[in-house]
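Worth knowing before you read on, the calculation uses all heavy atoms, side chains too, and leaves out hydrogens, waters and symmetry mates.
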Amino acid sequence: MSVFVDSKLALFNYLNAANSTTQFTAANLTWSDPKPIAGTWMEGTTTKNTYAKVTPKQGAGFEGKATVKYNRLTLADFAKFRPTRPLPVYQPATTVDMLSNILYYFGLVLGPQDILSEPVVLDAQGAGTVTIKAKDTSPLWLGQLSFDVVQGGANIDTLTTVKALNGLNYPVADPATQTSALLYTYPLNLTGYRDQMLAMAEGVLSSANADILVTALKALDQGPGAALWNNSDSSNTWSLNGAKVIFCGLNTMVFPTNQSYKYVMCLELREGVTTPTGRFYLHFNDPDNPNSAD
Amino acid sequence: MPILTGSPLEEAIAQINADNPTLPWPINSTEFIFGKPVVVAADSFGRNTKLKITAKSSSKYRGVLEVLYRRRDLTSLFRGNNIAFTRWLNDGATMTMAQAIGYVNQLYGVNLTVSGISGSAWSYSQNATPRVWSAVADNLAYVGSFTVTWNRGLQQIGIDILTVTELDGGQWPGGNDFVAKPDRSLRPEFVFAGLDFTEYALAQGWTAGNAVALSGAGAVIGEIQRLTGWPIVIGTYNPDTAPWNMSNGSFSAVSLPSAAHPEANKPGFAYAKILTVSDASNPRLAGKWILYFNL
């Protein structure tokens with residue numbers, strides 16, 4: 001199991017298992033940096049390739065020290081398990097930045113204590129060949145491993161910075177209380193009032209023009225506002241008094257309007273009028289002449 | 001464009017991408033698995049939904065993203081509106097949800113989808129019956145429900161009756177393709193137009209109703225040759241060696257004006273004998289031969 005857990009933890013697991021105990025942990029034992037056995041006097045006494053010293057920590061209830069011998073693994077051997085598939089990585093600056101992708105795609109637990117942090121240089125497509133090298137002090141690893149990398153493997157969770165989204169939007173700012181004038185008036189066909197509406201100038205509606213629109217809306221509206229539209233300066237609901245014509249003319253794609261109408265008038269109700277809410281569009285066409293093919 | 005556009009999935013994806021412009025590759029509908037939306041208690045903004053998005057291995061991402069967002073409540077969206085539409089429906093017919101949702105979208109500029117809404121539509125006799133339509137549980141853009149009413153309107157000729165508006169229009173004898181058939185100088189409809197067979201008919205004792213064979217007694221071929229100048233012969237047509245040969249045929253007798261042969265109706269004539277010559281008989285002379293006469 002050693003390649004699937006953190007290398008430091010792996011060593012304590014070995015130590016405990018070999019001695020039929022569970023009591024040794026990083027909390028009570030100091031594990032020295034490992035050293036190669038080759039070239040030492042121990043070379044002839046063991047087949048292991050590494051030794052280290054373990055010393056009890058202050059207050060652990062032990063004293064003395066011990067030298068343990070074990071095998072470190074050669075990184076290059078991993079290539080025998082997984083010969084060709086490239087590792088997806090997303091803009092790693094150093095080899096250490098790739099460790100989470102190595103765990104995700106290779107299934108190999110390597111930590112910063114195991115691998116030298118070296119700059120990664122990739123081509124414009126984010127691909128290339130990378131070599132990771134074991135630190136001399138890695139508890140479990142020796143040597144180096146080269147493999148190809150391709151662009152990918154970006155962590156969707158960390159790259160998505162706004163997770164509490166600002167939508168979806170309603171046509172009004174406060175959907176809990178407001179009636180959208182935009183949606184409310186969308187179905188109305190004011191073709192019968194084409195000439196009068198086209199004659200209305202942009203800006204605040206004259207009282208006479210407001211009367212015309214009140215008459216039109218009362219005639220066409222099928223909703224709860226049908227009887228309520230008014231031209232009263234004291235009414236804060238359904239009042240066209242003081243409403244402003246923002247635009248009146250040919251329909252375009254940029255407006256939230258019904259494209260089956262030729263003309264639209266964009267209106268904004270007087271400040272303080274709360275129902276309905278928001279800018280809205282009144283749609284109209286040229287009146288139909290049954291004797292004309294147009 | 002309408003007030004709201006895009007399918008629920010498209011809207012959810014667009015919102016994630018709009019809020020995260022720094023993503024190296026925008027999220028799309030094909031390289032991710034979109035989980036079922038989970039209802040959560042709404043926060044102050046109204047975010048009422050948790051959604052898990054898992055990167056497929058075909059994408060350039062790995063891992064799982066969980067976002068919190070607001071699905072629109074249909075009740076709030078249609079607040080204050082009386083959602084109704086008017087359409088003709090034939091007796092015995094049933095409106096499908098797909099049709100009805102299409103009409104509501106068109107009328108109110110919204111983006112409801114057939115798969116995202118549960119509810120029932122109407123049969124022809126259910127005029128003005130309100131229906132409650134609800135967002136299905138896994139609709140990524142909507143929750144809640146609203147009431148919609150169908151009113152049976154008048155038949156609209158442009159939609160409900162005249163389903164074929166591409167008419168044949170004017171037709172020249174022999175068709176309107178003058179490239180395929182450039183020479184129409186012998187079209188019998190026009191060659192026979194100026195000819196009067198009355199004198200011959202009286203001489204032959206033609207009556208109003210009798211049919212006459214082209215090769216029959218009375219040498220009608222000779223009279224046609226005399227009046228048209230066509231040296232026609234009964235025989236097998238050959239464009240090089242026998243251009244005036246044609247098959248035998250039989251004239252039908254017609255009283256004018258005729259409903260069956262409106263093209264034969266012409267002021268000043270009470271009768272006609274009509275022979276339809278086919279391309280197989282003689283393509284140069286093909287068409288309706290109309291011999292006009294009075295008695």
Side-chain angles (χ1 to χ4, degrees), chain A residues 88-91 100-101 104-105 126 150-172 174-189 221-226 238 252-260 275-277 280-281 283, chain B residues 1-5 8 11-12 14-16 18-25 27 32 43 45-47 49 51 53-55 57-73 75-86 104 106-110 140-142 149 151:
Chain A
V89 293
Y90 177 65
Q91 298 181 350
S100 70
N101 284 41
Y104 188 88
Y105 290 102
V150 294
Q151 192 167 60
N155 189 327
I156 185 76
D157 190 47
T158 54
L159 286 170
T160 305
T161 51
V162 177
K163 290 174 192 165
L165 305 179
N166 298 306
L168 305 178
N169 285 333
Y170 287 83
V172 292
D174 181 7
T177 59
Q178 295 173 333
T179 293
S180 165
L182 181 63
L183 198 131
Y184 189 88
T185 57
Y186 196 91
L188 305 181
N189 179 353
D221 189 351
Q222 303 293 316
W238 306 99
T252 91
M253 275 296 284
V254 301
F255 297 146
T257 50
N258 189 334
Q259 296 301 313
S260 53
T275 304
T277 310
F280 59 100
Y281 294 85
H283 300 81
Chain B
M1 51 196 293
I3 300 171
L4 297 168
T5 57
E11 284 212 274
Q15 190 65 51
I16 297 171
D19 282 339
N20 291 281
T22 55
L23 278 177
W25 304 281
I27 288 180
F32 298 85
D43 64 9
F45 177 76
R47 296 183 188 96
T49 301
L51 178 66
I53 298 141
T54 307
S57 53
S58 59
S59 80
K60 289 194 171 181
Y61 290 103
R62 64 178 168 87
V64 180
L65 167 67
E66 186 174 278
V67 294
L68 199 60
Y69 72 110
R70 176 172 67 185
R71 283 189 287 174
R72 290 186 206 98
D73 189 328
T75 311
S76 301
L77 180 69
F78 290 123
R79 177 185 312 284
N81 281 270
N82 177 15
I83 301 295
F85 65 95
T86 301
V104 170
Q106 192 182 5
L107 197 56
Y108 291 92
V110 294
L140 291 180
Y142 289 104
T149 304
N151 296 307

Exercise. Using a 4.5 Å cut-off on heavy atoms from C-beta on, say whether the side chain of B:Leu68 contacts that of B:Phe45.
Key: no

Exercise. Pick one of side chain, backbone, both or neither for A:Tyr105, based on which atoms fall under 4.5 Å of a heavy atom in chain B.
Key: side chain

Quiz item: Hey, what do you get for CD1 (B:Ile53) to CG (B:Leu65), rounding to the nearest 0.5 Å?
Solution: 4.5 Å

Quiz item: Which region of A:Thr158, side chain (C-beta onward) or backbone (N, CA, C, O), has a non-hydrogen atom less than 4.5 Å from a non-hydrogen atom of chain B, or is it both or neither?
Solution: neither

Quiz prompt | Residue pair A:Tyr186 / A:Pro256, side-chain heavy-atom distance below 4.5 Å | solution = no

Quiz item: Taking side chain as C-beta onward, heavy atoms only, is B:Asn20 less than 4.5 Å from A:Leu165?
Solution: yes

Exercise. Please look at A:Gln259 and chain B and tell me whether the side chain, the backbone, both or neither of the residue comes under 4.5 angstrom of a heavy atom of that chain.
Key: side chain

Quiz item: Does B:Trp25 reach the side chain of B:Tyr61, with side-chain heavy atoms less than 4.5 Å apart?
Solution: yes

Practice problem: Give, as side chain, backbone, both or neither, the part of A:Asp174 having an atom under 4.5 angstrom from any heavy atom of chain B. | Solution: neither

Quiz prompt | Atom group of A:Tyr170 that falls short of 4.5 Å from chain B, counting heavy atoms | solution = both

Exercise. With a 4.5 Å cut-off on heavy-atom pairs, point out which of B:Thr22, B:Asn82, B:Asn81, B:Thr54 contacts chain A the most.
Key: B:Asn81

Quiz item: Any sub-3.5 Å donor-acceptor pair from B:Lys60's side-chain atoms to A:Pro88's backbone N or O?
Solution: no

Exercise. Against chain A, label B:Asp73 side chain, backbone, both or neither, depending on which of its atoms sit under 4.5 Å from a heavy atom there.
Key: both

Practice problem: Find the one option among A:Gly223, A:Ala176, A:Gly153 whose heavy-atom pairs under 4.5 Å with chain B are most numerous. | Solution: A:Gly153

Self-check item: Residue B:Asp19 versus chain A: region with a heavy atom under 4.5 Å
Solution: both

Exercise. Kindly write out the residues that satisfy salt bridge (Lys or Arg N to Asp or Glu O under 4.0 Å) with B:Arg70, not counting sequence neighbours, or none if the list is empty.
Key: none

Exercise. Output the option from B:Gln106, B:Met1, B:Arg71 having the highest count of non-hydrogen pairs under 4.5 Å with chain A.
Key: B:Met1

Exercise. Could you look at A:Pro175 and say if it's the side chain, the backbone, both or neither that has a heavy atom under 4.5 Å from chain B?
Key: both

Quiz item: Side chain, backbone, both or neither: which part of B:Leu51 has a non-hydrogen atom closer than 4.5 Å to chain A?
Solution: neither

Quiz item: Most heavy-atom pairs under 4.5 angstrom with chain B, which of A:Val150, A:Val172, A:Leu188, A:Leu183?
Solution: A:Leu183

Practice problem: Select one option (side chain, backbone, both, neither) describing which atoms of A:Gln91 are under 4.5 Å from chain B's heavy atoms. | Solution: neither

Exercise. Please state whether the side chain, the backbone, both or neither of B:Phe32 comes within less than 4.5 Å of a heavy atom of chain A.
Key: side chain

Quiz item: Counting heavy-atom pairs under 4.5 Å to chain B, which of A:Thr252, A:Thr257, A:Leu168, A:Thr160 comes out on top?
Solution: A:Leu168

Exercise. Could you check which of B:Glu11, B:Arg47, B:Arg72, B:Gln15 has the highest count of heavy-atom pairs closer than 4.5 Å to chain A?
Key: B:Arg72

Quiz item: Given the options B:Ala141, B:Ser76, B:Gly63, which has more heavy-atom pairs under 4.5 Å with chain A than any of the others?
Solution: B:Ser76

Exercise. Find out whether A:Asn155 and A:Tyr104 are in side-chain contact, i.e. whether some heavy atom of one side chain is under 4.5 Å from a heavy atom of the other.
Key: no

Quiz item: What part of A:Thr277 is in contact with chain B, defined as an atom under 4.5 angstrom from a non-hydrogen atom: side chain, backbone, both or neither?
Solution: neither

Quiz item: Given the rule in the side-chain contact (heavy atoms from CB on, under 4.5 Å) test, do A:Thr275 and A:Trp238 qualify, once you have shown the distances and angles that lead to the verdict?
Solution: CA-CA 6 Å; A:Thr275 304; A:Trp238 306 99; 3.9 Å; yes

Quiz item: What pairs with B:Arg62 under salt bridge (Lys or Arg N to Asp or Glu O under 4.0 Å), at least two apart in sequence or on another chain?
Solution: none

Exercise. Please answer whether the main-chain N or O of A:Gly225 pairs with a side-chain N or O of A:Tyr184 as donor and acceptor at a distance below 3.5 Å.
Key: yes

Exercise. Among A:Asn258, A:Leu182, A:Asp221, single out the residue with the greatest number of heavy-atom pairs under 4.5 Å to chain B.
Key: A:Leu182

Quiz item: What's the verdict on side-chain contact (heavy atoms from CB on, under 4.5 Å) for B:Tyr69 and B:Leu140, showing C-alpha distance, side-chain angles and the deciding distance?
Solution: CA-CA 10 Å; B:Tyr69 72 110; B:Leu140 291 180; 3.8 Å; yes

